[in-house]
2 protein chains.
Amino acid sequence: MSLTESKQNRHPGNYVPKQPVHIECSIEKALDVIGGKWSFLVLRELFGGTKRFGELQRSISSISPKSLTDTLRHLEENGVLERTAYPTVPVTVEYTLTPKGEDLHRMLKEMKLWAAKWC
Amino acid sequence: MSLTESKQNRHPGNYVPKQPVHIECSIEKALDVIGGKWSFLVLRELFGGTKRFGELQRSISSISPKSLTDTLRHLEENGVLERTAYPTVPVTVEYTLTPKGEDLHRMLKEMKLWAAKWC
DNA sequence: CAGTATCCCTCCAGATACTG
DNA sequence: CAGTATCTGGAGGGATACTG
């Protein structure tokens, strides 16, 4: 599945659905949030606490900066994480899960349980 | 996300990962099963009981036969559904969830709960 | 009925290079 | 450091026609 986003396109060339799709708020929405190729890997890292861009890039084997940015942006737009920039030199940026993001934990846990049982 | 499959390629041109990927048996595996564009829509139908190819095609808005076949095959390979063909004329084919497939229900339910709470 | 077989084309992932 | 800008191949999905 691919990721979708709102009409106003902040990200040239990425995450634009073929046709604007009305996402009914249910499984489809949940899958939109975690279904991306990298989403749950980023989330997994953030469950361990606040992380910086570089940290994420290093801990997620060879994700390109573009893919990481796209994924982070998509998660941010869906309100599961928060981006905070500190005006240091050079810039410092931190990513933290929101309560909505933390709450994904139960969902992910069910997935692990299912896989553990059947695979 | 896209779907992945085993090395022996039964489906020309579809569901072939760019590089063969070792799927660790966890969230990744669960996402591989339900993460496809059509997978959970097919599953949703089958939770309501056994269905035939044509029924699925009609109830899932305008899915092409090719995509439906691909999705069903992928779900079958992952052991979440079973295909049964009856030698009638014309052919009758039924798709039914396996226990492994039925058990996806808890997972899907968690997704709905999350979405209901936060969206 | 339940699929294959093709063609075709979109469009996104990943690589690379660059920058405030 | 934390990203953009740009280019590209090829998967993956639709449309259509056909068949056991």
K.L.:
Whether the side chain of A/S39 engages the backbone of A/G35 through a donor-acceptor N/O pair (distance < 3.5 Å, no angle test) should be reported.
P.N.:
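Here the side-chain-to-backbone pair does not exist.
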K.L.:
For D/dA11, does either OP1 or OP2 sit under 4.0 Å from a side-chain N or O belonging to B/K37?
P.N.:
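False: B/K37 side-chain N/O out of range (4.0 Å or more) of D/dA11 OP1/OP2.
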K.L.:
Is the CD atom of A/E82 crowded by more than 12 outside heavy atoms at less than 6.0 Å?
P.N.:
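Check fails, neighbour count at 12 or below.
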K.L.:
A/T50: which residues meet the side chain to side chain contact (heavy atoms under 4.5 Å, CB included) condition with it, sequence neighbours left out?
P.N.:
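Per chain and number, A/T50 pairs via side chain to side chain contact (heavy atoms under 4.5 Å, CB included) with A/E94, A/T96.
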K.L.:
Output the pairing pattern of DNA chain C as a dot-bracket string, 5' first, Watson-Crick or G-U wobble with both distances under 3.5 Å, | for cross-strand pairs, [ ] for crossing pairs.
P.N.:
||||||||||||||||||||
K.L.:
Taking side chain to side chain contact (heavy atoms under 4.5 Å, CB included) as the definition, give me every residue that meets it alongside A/L56, ordered by chain and number, with sequence neighbours left out.
P.N.:
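If we apply the side chain to side chain contact (heavy atoms under 4.5 Å, CB included) test to A/L56, skipping adjacent residues, the hits are A/E45, A/L46, A/K51, A/L68, A/L72, A/Y95.
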K.L.:
List, one per line, each side-chain donor-acceptor pair under 3.5 Å for residues 104-111 of chain A, sequence neighbours excluded.
P.N.:
residue: A/R106; atom: NH1; partner: A/D103; partner atom: OD1; Å: 3.1
residue: A/R106; atom: NH2; partner: B/E110; partner atom: OE1; Å: 3.2
residue: A/E110; atom: OE1; partner: B/R106; partner atom: NH2; Å: 3.2

K.L.:
Quick one: B/D70 CG to D/dA11 C1', roughly how many Å, whole number?
P.N.:
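The distance from CG of B/D70 to C1' of D/dA11 comes to 12 Å, rounded to the nearest Å.
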K.L.:
Could you tell me if the side chain of B/D70 sits less than 4.5 Å from the side chain of B/W38, heavy atoms only?
P.N.:
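No, side chains not in contact.
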K.L.:
Give me, pair by pair, the N or O atoms of the protein and of nucleotides 1-4 of chain D that are less than 3.5 Å apart, along with how far apart they are.
P.N.:
residue: D/dC1; atom: O3'; partner: A/R52; partner atom: NH2; Å: 3.1
residue: D/dC1; atom: O3'; partner: A/V91; partner atom: O; Å: 3.4
residue: D/dA2; atom: OP1; partner: A/R52; partner atom: NE; Å: 2.9
residue: D/dA2; atom: OP1; partner: A/R52; partner atom: NH2; Å: 3.0
residue: D/dA2; atom: OP1; partner: A/V93; partner atom: N; Å: 3.3
residue: D/dA2; atom: OP2; partner: A/G54; partner atom: N; Å: 3.1
residue: D/dG3; atom: OP1; partner: A/R83; partner atom: NH1; Å: 2.2
residue: D/dG3; atom: OP2; partner: A/Y95; partner atom: OH; Å: 2.5
residue: D/dT4; atom: OP1; partner: A/R73; partner atom: NH2; Å: 2.6

K.L.:
State which residues pass side chain to side chain donor-acceptor pair (under 3.5 Å) with A/T84; sequence neighbours excluded, sorted by chain then number.
P.N.:
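Listed in chain order: nothing, the list is empty.
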K.L.:
Using atom CG of B/L68 as one end and atom P of D/dG12 as the other, report the distance to the nearest whole Å.
P.N.:
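Atom CG in B/L68 sits about 17 Å away from atom P in D/dG12.
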K.L.:
Give a yes-or-no answer on whether the side chains of B/N78 and B/K29 include a donor-acceptor pair shorter than 3.5 Å.
P.N.:
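There is such a pair between these side chains.
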